[in-house]
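These notes concern the structure reproduced below.
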Amino acid sequence: MAAHTKSWQVRLHLFEEGDATAARVVLDTGDNVLEGHGEARRSPRDPQVPEIGDEFAVGRALVDLGHRLIQAGTVDSTAPRPVHHLHKA
């Protein structure tokens with residue numbers, strides 16, 4: 001059996017306003033596009049370090065995307081016939 005490789009592209013968008021950070025991660029498989037979203041809000045007692053909010057928001061967006069990918073795989077694996085693409089979640 002010959003090896004098969006694919007490349008999927010991920011784009012990450014960060015939005016900051018005051019103490020709030022939102023992240024949107026977009027996965028483009030070439031066949032479909034899925035998105036994950038995450039948010040973070042700085043507590044008044046936390047240091048003002050924007051990178052920390054970025055890390056939390058992006059981490060949450062990636063976890064959200066992971067859940068959407070697993071759901072798409074679950075749906076595709078229970079389809080009555082083989083499906084070779086992800087469902088947009």
Side-chain angles (χ1 to χ4, degrees):
M1 179 188 291
H4 180 76
T5 61
K6 292 183 178 183
S7 289
W8 289 359
Q9 293 189 353
V10 176
R11 289 184 313 277
L12 180 62
H13 308 275
L14 286 166
F15 310 92
E16 295 178 6
E17 186 174 327
D19 291 335
T21 304
R24 180 172 65 110
V25 62
V26 180
L27 172 66
D28 184 346
T29 69
D31 296 319
N32 278 304
V33 175
L34 281 88
E35 293 186 16
H37 301 272
E39 297 179 352
R41 180 171 292 281
R42 186 181 72 81
S43 171
R45 64 183 178 276
D46 290 340
Q48 289 187 310
V49 181
E51 292 81 12
I52 295 171
D54 294 350
E55 291 165 350
F56 277 115
V58 170
R60 290 172 180 150
L62 290 169
V63 167
D64 182 46
L65 178 63
H67 287 293
R68 292 173 190 268
L69 279 167
I70 290 172
Q71 177 161 3
T74 300
V75 169
D76 288 348
S77 71
T78 60
R81 59 181 167 16
V83 177
H84 301 291
H85 62 81
L86 298 172
H87 291 282
K88 188 172 184 178

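Starting from 1, each residue takes its place in the sequence as its number. Scope of the values below: all heavy atoms of this structure, side chains included, with no hydrogens, waters or symmetry mates.
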Quiz item: Could you give all pairs that pass the side chain to side chain donor-acceptor pair (under 3.5 Å) test and reach residues 51-66, with sequence neighbours left out?
Solution: Asp64-Arg68
Quiz prompt | Residues which pass side chain to side chain contact (heavy atoms under 4.5 Å, CB included) with Arg41, listed by chain and number, not counting sequence neighbours | solution = Ala20
Practice problem: Would you please name every residue forming a side chain to side chain contact (heavy atoms under 4.5 Å, CB included) with Leu65, sequence neighbours left out? | Solution: Val25, Leu27, Leu34, Leu69
Self-check item: hydrophobic_cluster_shared for Leu62 and Ile70, side chain cutoff 4.5 Å
Solution: no
Quiz item: Do Trp8 and Val58 share a hydrophobic cluster (ILVMFWY, side-chain heavy atoms under 4.5 Å, transitive)?
Solution: yes
Self-check item: Heavy-atom closest pair, residues Gly53 and Ala40
Solution: O-CB, 3.6 Å
Quiz item: For Ala57 and Ala22, which heavy atoms make the closest approach, and how far apart are they?
Solution: CB-C, 4.3 Å
Who pairs with [X] by side chain to side chain donor-acceptor pair (under 3.5 Å), at least two apart in sequence or on another chain?
X     : answer
Thr78 : none
Arg24 : Glu35
Asp19 : Arg42

Quiz prompt | Val26/Val33 under side chain to side chain contact (heavy atoms under 4.5 Å, CB included): CA gap, chis, key distance, verdict | solution = CA-CA 7 Å; Val26 180; Val33 175; 3.5 Å; yes
Quiz item: Should we say atom CD of Glu16 is surrounded by more than 12 heavy atoms from elsewhere, each under 6.0 Å from it?
Solution: yes
